[in-house]
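For the single chain, residues carry numbers from 1 onward in sequence order. No hydrogens, no waters, no symmetry mates; every other heavy atom, side chains included, goes into these values.
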Amino acid sequence: MYIIEMRNITKEFPGIIANDDITLQLKKNEIHALLGENGAGKSTLMSVLFGLYKQEKGSIYKDEKEVSITGPGDANRLGIGMVHQHFKLVHNFTVLENIVLGVETTKGGVLQMKEAREKVLALSKKYGFDIDIDKEVRHISVGMQQRVEILKMLYRDNEILIFDEPTAVLTPQEIDALMKTMKDMAAEGKSILFITHKLDEIKHVADRCSVLRKGKMIGTVDVSETSKETMSEMMVGRKVSLSLDKQDAKVGNTILKVRGLCQKGNTGKVGKDKLKNISFDVKEGEILCIAGIEGNGQTDLVYALAGLESFDSGEIIMDGQDITRAKIRKRTELGISHIPEDRHKHGLVLDYSLAYNTILQTYYTKDFQSKGFLKRKSILDYAKKMIERFDIRSGQGAETVTRSMSGGNQQKIILAREIDRDPKLLIAVQPTRGLDVGAIEYIHKQLLAQRDSGKAVLLVSLELEEVMNVSDRILVMYEGEIVADVNPKNVTFQELGLYMSGAKRDEVKAE
């Protein structure tokens, strides 16, 4: 017997069939993974189940009875809850207020929070969440925000839980804690649908896995009997290399010199400086990786290098020129490319077309404008070349509104734009965050190609596997300072994890 069945679901958007006659079956008490490339239709299918979209064809059954889900309210009444990839929280509300929002208890028009508080504290204790329920959401970490989303579902007594890319913004330690929580919830009667790109997580936590490709159901497999290689091939339709084959680096001249970079914190706390005397070089023909748990100064360092934020002292030399106080355009013209951490905030204008997003840093050049007017045909022709060269998939080609595209294809727009400018230094921050195994393989090959053509690459990553596989040299940041400089050939995952957590900060290695 299935607790949820989605039978022959079809959902269409302009120019694309997102879900094409898909049937998905969820058993009681199981963790069921939904695997697929970016744009395969996973989030769309779960949004249909949660009532955010209405399917054109097909039907949904709960406990073998057909149900109508016209909105999230219907889904909640049926015991279906969802943790979205981009959290749906009110940032100036407290944790407790966010959890009860929409199902508040009132008496004479006055909020009654005593019982809610007791229930939330009991749930938090039961699952080991250790969260201050009176703190405003804007003051808690991303990992804690996810726990708030999970508590929202548990507070509503949801029995079917949907997790959409739940580990995309978590540290390795938070991922381990989430996996344990999911297993605990399944053991006590919850049924979980789990959207992910990460094959290791599927092997670790899921009972069965359904694979989508280009909107179609490819098949459902028993995870314990299926290899990662088989699942990745089902997902992308070809064999995918899960390890990177690379030659030793041929290191050349120094391209970037950073000396004594300091930035005071704005929290008013003593000793909480964002950057503490950061110094390092990046050379031609190498991939230097900055590793560390999120929030240890990596973002501030990249903002300083890219010109997005000022800093208090230190200097930055790019290819022999002092760019310490240079404007962003000057840095761009000197050969710095930047794949930003937040593609929506700093990488794209979501309501612009794909074509216009490919020229955000070059629109003023003679290739794309004449006498102050944009050359539309030239821009479209250029975008079409980028689409072909970087395999960017979209419903309406170069004129597709970027907001409507999958995360992986949005990332490919940024990659295309930054690499095609032929940079001397490519700064890539979390370039594969939230991407599927096929897109990750593609982006890693592009970074390697930059290195092998003599470019300098500065990679910033939280993913230990990416750090170890892609980089030629690793710097570890902890609390705003560099605590290790190591060679990936001479360090273990465990050792790197200890540096990242600050446990080995006094044993700085120099290779």
Side-chain angles (χ1 to χ4, degrees), residues 1-6 24-34 42-54 60-90 93 95-105 115-129 131 133 137 144-167 177-196 205-208 210:
M1 177 177 158
Y2 299 108
I3 191 167
I4 286 287
E5 272 191 282
M6 302 182 78
L24 177 72
Q25 297 163 320
L26 174 67
K27 294 176 181 175
K28 176 104 174 133
N29 294 13
E30 87 166 329
I31 299 177
H32 192 122
L34 202 54
K42 309 178 300 295
S43 294
T44 300
L45 187 65
M46 290 301 95
S47 294
V48 168
L49 180 57
F50 191 60
L52 294 171
Y53 296 140
K54 183 67 181 169
I60 299 171
Y61 291 78
K62 178 164 187 276
D63 296 324
E64 299 186 338
K65 291 178 187 159
E66 187 171 356
V67 294
S68 173
I69 302 176
T70 58
D74 289 343
N76 271 308
R77 280 187 287 277
L78 290 164
I80 301 168
M82 184 168 181
V83 175
H84 301 268
Q85 187 174 357
H86 301 287
F87 306 143
K88 311 288 186 187
L89 298 171
V90 183
F93 278 17
V95 167
L96 180 61
E97 288 164 347
N98 268 283
I99 290 167
V100 304
L101 189 61
V103 288
E104 306 91 336
T105 304
E115 283 183 23
R117 173 180 290 275
E118 288 169 359
K119 182 174 178 179
V120 171
L121 284 172
L123 285 167
S124 181
K125 186 177 180 185
K126 179 178 179 180
Y127 290 99
F129 280 175
I131 188 166
I133 66 172
V137 163
M144 283 294 180
Q145 287 179 31
Q146 187 183 67
R147 291 178 181 188
V148 178
E149 288 280 18
I150 295 169
L151 282 168
K152 275 168 67 176
M153 293 195 297
L154 297 171
Y155 183 79
R156 287 156 177 74
D157 299 316
N158 292 143
E159 56 180 333
I160 296 129
L161 313 179
I162 304 166
F163 290 84
D164 186 358
E165 298 287 356
T167 64
L178 175 66
M179 298 286 117
K180 182 183 181 303
T181 299
M182 288 169 72
K183 284 181 170 178
D184 290 346
M185 291 191 294
E188 58 182 48
K190 308 289 186 189
S191 304
I192 296 172
L193 283 159
F194 168 43
I195 300 175
T196 185
V205 84
D207 301 302
R208 290 192 302 150
S210 291

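Distance check: H84 NE2 to M46 CE gives 12.0 Å after rounding to the nearest 0.5 Å. Note: R77 CZ to I69 CD1 = 10.5 Å, rounded to the nearest 0.5 Å. Atoms NZ and OG, on K27 and S191 in that order, are 11.5 Å from each other to the nearest 0.5 Å. Note that the OG1 atom of T181 and the CZ atom of R147 stand 7.0 Å from one another [nearest 0.5 Å]. Between atom OG1 of residue T44 and atom CG of residue L49 there is a gap of 12.5 Å, rounded to the nearest 0.5 Å. Put simply, CG on L96 and CG on L121 are 8.0 Å apart, with the number rounded to the nearest 0.5 Å.
Counting only distance, with no hydrogens or angles, the side chain of R208 and the backbone of Q25 share a donor-acceptor pair below 3.5 Å. In this structure a side-chain-to-backbone donor-acceptor pair under 3.5 Å is missing from E64 to M1. Not one N or O on the side chain of K88 forms a donor-acceptor pair closer than 3.5 Å with the backbone of E149. Judged by distance alone, the side chain of D207 and the main-chain N or O of I31 form a donor-acceptor pair under 3.5 Å. Looking at R156, its side chain never comes within 3.5 Å of a backbone N or O of I80 through a donor-acceptor pair. Under a 3.5 Å cut-off, the side chain of K119 and the backbone N or O of Y155 do form a donor-acceptor pair. Although no hydrogens or angles enter the test, the distance criterion places no donor-acceptor pair under 3.5 Å between the side chain of Q146 and the main chain of M144. Within the 3.5 Å criterion, the main-chain N or O of V90 finds a donor-acceptor partner in the side chain of N98.
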(request) Let me see the working for M185 and M153 under side-chain contact (heavy atoms from CB on, under 4.5 Å), right down to the final yes or no. (result) CA-CA 11 Å; M185 291 191 294; M153 293 195 297; 5.7 Å; no
(message) Checking V48 against I60 for the side-chain contact (heavy atoms from CB on, under 4.5 Å) test, could you report, in this order, the C-alpha distance in whole Å, the side-chain angles of both residues, the deciding distance, and whether it holds?
(response) CA-CA 9 Å; V48 168; I60 299 171; 4.2 Å; yes
(request) Kindly indicate, with the supporting measurements, whether the criterion side-chain contact (heavy atoms from CB on, under 4.5 Å) is fulfilled by E30 and I3. (result) CA-CA 10 Å; E30 87 166 329; I3 191 167; over 6 Å; no
(request) Applying side-chain contact (heavy atoms from CB on, under 4.5 Å), run through K54 and S68 and close with a yes or a no. (result) CA-CA 10 Å; K54 183 67 181 169; S68 173; 4.3 Å; yes
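Residues L178 and F163 have side chains in contact (heavy-atom distance under 4.5 Å, counting atoms from C-beta outward). Between L154 and K126, the closest side-chain pair of non-hydrogen atoms is not below 4.5 Å. Taking 4.5 Å as the limit, every side-chain heavy atom of V83 sits out of range of all side-chain heavy atoms of L161. Residues L24 and L193 are in side-chain contact: their nearest non-hydrogen atoms beyond the backbone lie under 4.5 Å apart. Side-chain atoms of F129 and V148, non-hydrogen and from C-beta on, never get closer than 4.5 Å to each other.
Crowding of F50 atom CZ: a count of heavy atoms from other residues, nucleotides or ligands under 6.0 Å exceeding 12. Residue K180 places its NZ atom among 12 or fewer non-hydrogen atoms of other residues, nucleotides or ligands, all under 6.0 Å distant. More than 12 heavy atoms of other residues, nucleotides or ligands lie within 6.0 Å of CD in E66, so this atom counts as buried by the packing criterion.
Pairing each heavy atom of S124 with each of I131, the nearest pair is OG-CG2, 3.4 Å. Across all non-hydrogen atoms, the minimal contact from G51 to P72 is O-CD, 3.8 Å. Residue V100 comes nearest to A116 through the heavy atom pair CG1-CB, 3.7 Å, listed as atom of the first residue, atom of the second, then distance. Pairing each heavy atom of I192 with each of A186, the nearest pair is CD1-N, 4.4 Å. For the pair I195 and K42, the tightest heavy-atom approach, listed with the atom from each and the gap, is CG2-CE, 3.5 Å.
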